[in-house]
Asker: 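Shown below is the structure under consideration.
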Amino acid sequence: MMKKRSAFGWGELILGIVLIILGIFTFARPYSALAGIVFVYGFLALITGIGDIVFYVKIQQHTGFGPVVSLVTGILSILAGVLLLFHPNAGSWAMAVLFPLWFIAHCISRLTHLPIIRITSGTGYYYFSLIVNILGLVLGFYMILDPVFSFFPAAYIIGFYLMLTGIDHLVLGTSNIGMRR
């Protein structure tokens, strides 16, 4: 019997592709990243927030309890996304303050998923996700401590991180957790 992709699996695949494209664009055009893609960052923050909340709900349905961190970080990601979408002129401020917070919130959320990921997707993906999200945490905290870092050379690092996060989402979307039973 052939297993079909669940909505969760498709969502992860699409999000992974979008993050990789955004990472490549950010890496290739770092100077226009701040001015030109604040809207896209807002949209992605909104989508990842919704994804974290969906993950919380699905796990709660199956186990009777959900990782509350996913719910909280999902709400924070949605709030960051709405701010960026409805106040694009706040992009400079958002890059210096909210983008690092979104990195941190998203990485914490993904780290809370690791026990389930290890069971469903194996240790290879588990360690890849662990490393990517620890790097994201370090980058997020560094951007908070040095906001100037958020504006100039970090575009290359952010682009690289977005590509890694996109790969992380692609792998999760194609793993057993993204399949219907």
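Side-chain atoms are counted along with the backbone in the values below, which use heavy atoms only and exclude waters and symmetry mates.
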Asker: Checking side-chain hydrogen bond (donor to acceptor under 3.5 Å, both in side chains) for the pair S70/H113: CA distance, chi angles, key distance, verdict?
Answerer: CA-CA 8 Å; S70 288; H113 302 173; 2.8 Å; yes

Asker: State the CZ-CD1 distance between R110 and I134, to the nearest 0.5 angstrom.
Answerer: 14.0 Å

Asker: When rounded to the nearest 0.5 angstrom, what is the spacing between CG in D168 and CD1 in I117?
Answerer: 6.5 Å

Asker: In this structure, would I59 and I119 fall into the same cluster of hydrophobic residues linked by side-chain contacts under 4.5 Å?
Answerer: no

Asker: With L135, which of V138, N133, I131 fulfils side chain to side chain contact (heavy atoms under 4.5 Å, CB included)?
Answerer: I131

Asker: Hydrophobic cluster membership, with links at side-chain heavy-atom distances under 4.5 Å among I/L/V/M/F/W/Y: are L114 and Y127 in one?
Answerer: yes

Asker: Mind listing the closest non-hydrogen atom pair of G166 and L19 along with its distance?
Answerer: CA-CB, 3.6 Å

Asker: Heavy atoms, side chains only, cut-off 4.5 Å: are L101 and I144 in contact?
Answerer: yes

Asker: Specify the closest pair of heavy atoms between P100 and G140, including all atoms of both residues, with the distance to one decimal.
Answerer: CB-O, 3.4 Å

Asker: Rounded to the nearest 0.5 Å, how far does NE2 of H106 lie from CG of L111?
Answerer: 10.0 Å

Asker: Could you go through the side-chain contact (heavy atoms from CB on, under 4.5 Å) check for L79 and L83 one step at a time?
Answerer: CA-CA 6 Å; L79 290 174; L83 177 70; over 6 Å; no

Asker: Check whether any side-chain heavy atom of I78 lies under 4.5 Å from a side-chain heavy atom of I53, and answer yes or no.
Answerer: yes

Asker: What is the distance from atom CZ of F55 to atom CD1 of I116, rounded to the nearest 0.5 Å?
Answerer: 4.0 Å

Asker: Side chains of I47 and F43, heavy atoms from C-beta outward: is any pair under 4.5 Å?
Answerer: yes

Asker: Please examine the side chains of D52 and V69, heavy atoms only from C-beta on, and report whether any two atoms are closer than 4.5 Å.
Answerer: no

Asker: Check whether any side-chain heavy atom of L71 sits under 4.5 Å from a side-chain heavy atom of Q60, and report yes or no.
Answerer: no

Asker: Please examine the side chains of M163 and T26, heavy atoms only from C-beta on, and report whether any two atoms are closer than 4.5 Å.
Answerer: no

Asker: Could you check if a side-chain atom of I20 sits within less than 4.5 angstrom of a side-chain atom of L162, using non-hydrogen atoms only?
Answerer: no

Asker: Looking at T73 and S109, what are the two nearest heavy atoms and their distance?
Answerer: OG1-CB, 3.0 Å

Asker: Please answer whether the main-chain N or O of A45 pairs with a side-chain N or O of T48 as donor and acceptor at a distance below 3.5 Å.
Answerer: yes

Asker: Might you point out which heavy atoms bring V171 and Y125 nearest each other, and give the distance in Å?
Answerer: CG1-CD1, 3.0 Å

